[in-house]
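Inspection log for the structure reproduced underneath, given as structure tokens.
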Amino acid sequence: MVQVVHGSLDQTSFPVAVGHASGMPLRGGAEGWLDAHLHGRLSDRLLVGAYPEQEGAGSYIAAPGMSPPGVLVLGLGQGGEVTAEKVARAMTAATLDWAVTQADALTDTPLEPLELGVASALIGTNPLDGIPLEESVAALVDGVVAAEVLLGNSQRLRSLVRIARLELIERYLDRAQAAVRSLQRLSTGAAASSVVQLKPMKHLTRREGGQRGLPLGVYTSGAWWRLEIRAAEPEEDTPEGYRDLEVTSLGRRARADRLVHRVESATVDELVATAITSKERDEQLGNTLFELLLPGGLKPTLLSGDNVQIVVDPQTAAYPWEALSVEPPSTPGQHHLALRGGMLRQYAERDALGARFTVRRPTGSDVLVIANPPTGDTAPDLPGALKEGRAVVDVLRRSRPDHPDYQVHALLWEEGEAETIGLPALAGNYPFRGILNALYGYEYRIVHIAAHGSYNAEKPARSGILIGPDQYLTATTISEMPVVPEFVFLNCCHSGRVASAGWDAQNGAGHSHQLAASIARALLMIGVRAVVAAGWAVDDDDATAFATKLYSSLLDDGQAFGEAVTCARQAATRTNTWAAYQCYGDPGFRFRSLSTGNYT
């Protein structure tokens, strides 16, 4: 029997199914509500990596003595790419996990199979996922029926349990009534099954906790809209000096809309290069880039202030998406996309040959901080980088309840004099050997570096972090670390660098955004879970404020990466430093607590 229930998710005696997209934090809808109601049972498993995220995966989480008595979690794959077929497959997997668990708990074979029931939210109908409600209803029914059919393949299991009931639970009346209409029109493989007799109820069942109307915010709170922006393959008729961008909105109300937008690349590249090397703050730049880089058909959608994860490739990663503003600065209100809502980046790799698929993670609590390494006459001293390094050391060394102290290893230089923490004293005048020895000496969870950076457009392999007069810490060097850090923060664009015009002119200050993008890409390819890299010169005070707020949000406040980045940006708004940071990673990434196996 299949019925639609208008009421709260706790008004059922069956485990409730919810969906989860890969890398996303627990949303503010059914999944987030159940996690809070069941005292963190879902987040516990998410944070230790025992939570189904990949598409087609599904598992049962027990909550004995509670209402509901458990949760079926459906892995839906990448956010914004949910389909009815994925929902159905994951529903089958989760339902089977539940049924087999119940069968194994029986001590004797019953005279008749134990009749089980399953409840479910209307999975995939969040506006940021984009599945029509009718497709969701059909997929959930198909998934449960397929599970019942598969149980019949085992003589032991079919003698112990059978799935007899499915409840589709919806809190808001308008959607509940729409689900009843969808059930009445049901046309699925399940409806035509010769093995299972399907009995849809024609009327709505009412229980406590139901509400009228449909507040949109409850379905989008905490969700991340994915916007893919790639460089299109050049066409024969593409004029010289132009580039076509393929922009795809993944999973929003108009699902997977693909727009091709032509950009005058020479103009945009020059505008970006000039802006990021200028000492003057250009208030209009963000809005100008917004108008030049994005197709007109997409711009109204960006007014909503949703959290956005921008999926980029090596070409589009160089653009300062974080700086985009939907309105000119003369218009009242906050119009920068990265301050109105969250903004993160993700790389989309067409060629993953360089990716490391077997990743060895750190098991200890070691972290590494490197700040202001001397470079002789090559580049100026960076007192702001030293200030940031010391502030980060202080945050990481802080004791926290139920969280082990990090073992901080640091190399800090003040006017060329080295200070070491948790490492041997350095010998010699230059830090190159000491930095490399430190880098390979421990299994680091976190690596934080504040120094000069250099990007060689003709020889990108010689681009990296300056750790000596003509010595560079490159992405290749970092990629040789036997144990991959979870988090890397690279601040290679302190405003102190502008003190030497000769250094800037010779080493491509106008390409610092490309350095950030290229190093971030290499780190993500080897398995680093989250990367922050500065794309242009940052104010020293705001850089320190950003870094310390980011770490305190992740560690002291227990926030996920997406939330922490937004808080850090909001703490660095005195200048345009907040927009300089390219932040790559899953919105739901958190630091792990080593004492409990959970995340902070």
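The aromatic rings of F561 and F487 sit perpendicular, their planes meeting at an angle over 60°, well past the 30° parallel limit. Ring orientation note: the planes of Y442 and Y444 are tilted relative to one another, at an angle of 30° to 60°. Ring geometry for Y51 versus H20: interplanar angle over 60°, hence perpendicular rather than tilted (30 to 60°).
Using a 4.0 Å cut-off between charged nitrogen and carboxylate oxygen, R397 and D405 do not count as a salt-bridge pair. Between E486 and R361 there is no salt bridge, since no side-chain N of the basic residue sits under 4.0 Å from a carboxylate O of the acidic one. Between E264 and R243 there is no salt bridge, since none of the side-chain N atoms of the basic residue sits less than 4.0 Å from a carboxylate O of the acidic one. We find that R390 and E388 are not joined by a salt bridge, their nearest charged nitrogen and carboxylate oxygen being 4.0 Å or further apart.
The CD atom of Q471 sits 14.0 Å away from the CD1 atom of I465 when rounded to the nearest 0.5 Å. Taking CG from D539 and OG1 from T577, the interatomic distance works out to 5.0 Å, rounded to the nearest 0.5 Å. In this structure, the separation between CG on L382 and CG on L386 is 9.5 Å, given to the nearest 0.5 Å. Taking CE from M24 and CG from N307, the interatomic distance works out to 9.5 Å, rounded to the nearest 0.5 Å. Between the NE2 atom of H336 and the CE atom of M343 there is a distance of 10.5 Å, given to the nearest 0.5 Å. A distance of 4.5 Å separates CD1 of I370 from CD1 of I449, quoted to the nearest 0.5 Å.
No side-chain donor from either of H409 and Q407 sits under 3.5 Å from a side-chain acceptor of the other. Judged purely by distance below 3.5 Å, without hydrogens or angles, the side chains of S249 and W225 pair a donor atom with an acceptor atom. Side-chain polar atoms of D313 and T316 form a donor-acceptor pair below 3.5 angstrom.
A distance of 6.0 Å or more separates the ring centres of F290 and H335. Aromatic pair F432/Y472: ring centres not closer than 6.0 Å. Close placement of the F589 and F591 rings is indicated, their centers lying within 6.0 Å of each other.
Of the candidates N372, I467, L466, H452 forms a side chain to side chain contact (heavy atoms under 4.5 Å, CB included) with just one, namely L466. Considering D586, L524, I310, V312 in turn, D586 is the only one that fulfils the side chain to side chain contact (heavy atoms under 4.5 Å, CB included) rule with Q346. A side chain to side chain contact (heavy atoms under 4.5 Å, CB included) with V392 is found for one member of V408, V367, V369 and no other, namely V369.
The heavy-atom pair separating A534 from C492 by the smallest distance is CB-N, 4.5 Å. Scanning all heavy atoms of the two residues, the minimum distance from D540 to G384 falls at CG-CA, 3.5 Å. Across G434 and L411, no two heavy atoms sit closer than the pair O-CD1, 4.0 Å. Heavy-atom minimum distance, L76 versus G19: CD1-CA, 3.8 Å. The nearest pair of heavy atoms linking A543 to N491 is CB-ND2, 3.7 Å. Closest approach of A579 and W536 over heavy atoms only: O-CH2, 3.4 Å.
You'll find the side chain of Y406 reaches within 4.5 Å of the side chain of R445, heavy atoms only. At a threshold of 4.5 Å between non-hydrogen side-chain atoms, the residues L46 and E53 count as touching. In this structure, the side chains of H261 and L294 stay at 4.5 Å or more apart for every pair of heavy atoms. Looking only at side-chain heavy atoms (C-beta outward), L293 and V268 come within less than 4.5 Å of each other. Within the 4.5 Å cutoff, the side chain of T477 has heavy atoms near those of the T474 side chain. Taking the side chain as every heavy atom from C-beta outward, T83 and K86 approach each other to under 4.5 Å. Side chains of P587 and Q309 form a contact here, defined as non-hydrogen atoms less than 4.5 Å apart. Two residues are said to be in side-chain contact when any heavy atoms from C-beta on lie closer than 4.5 Å; L289 and L271 meet this criterion.
Within a 6.0 Å radius of OH in Y440, other residues, nucleotides and ligands contribute more than 12 heavy atoms.
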* To do: Would you sort out whether L245 and R230 count as a side-chain contact (heavy atoms from CB on, under 4.5 Å), showing the intermediate values?
  => CA-CA 6 Å; L245 302 183; R230 296 174 179 259; over 6 Å; no
* Let me see the working for V18 and L74 under side-chain contact (heavy atoms from CB on, under 4.5 Å), right down to the final yes or no. => CA-CA 6 Å; V18 293; L74 279 57; over 6 Å; no
* Could you walk me through whether S43 and D35 pass side chain to side chain donor-acceptor pair (under 3.5 Å), step by step? => CA-CA 7 Å; S43 56; D35 182 54; 3.3 Å; yes
* To do: Begin with the C-alpha distance, continue with both residues' side-chain angles, and end with the deciding distance and a verdict on ring pair (Phe, Tyr, Trp, His ring centres under 6.0 Å) for Y551 and H448.
  => CA-CA 11 Å; Y551 285 116; H448 185 105; 5.6 Å; yes
* To do: With side-chain contact (heavy atoms from CB on, under 4.5 Å) as the test, would you mind laying out the steps for T248 and L227 before giving the verdict?
  => CA-CA 6 Å; T248 306; L227 183 65; over 6 Å; no
* To do: Output, in order, the C-alpha distance, side-chain angles, deciding distance and verdict of side-chain contact (heavy atoms from CB on, under 4.5 Å) for L396 and L555.
  => CA-CA 9 Å; L396 294 178; L555 292 167; 3.8 Å; yes
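With sequence neighbours excluded, the residues that form a side chain to side chain contact (heavy atoms under 4.5 Å, CB included) with E443 are R360, P362, T363, V483. Every residue two or more places apart in sequence or in another chain that forms a side-chain hydrogen bond (donor to acceptor under 3.5 Å, both in side chains) with E322 is listed here: R345.
The backbone N or O of E291 sits less than 3.5 Å from a side-chain atom of K299, completing a donor-acceptor pair. For R89 (side chain) and V87 (main-chain N/O), no donor-acceptor pair under 3.5 Å exists by modelled atom type. For the pair S552 (side chain) and D556 (backbone), a donor-acceptor distance under 3.5 Å is absent.
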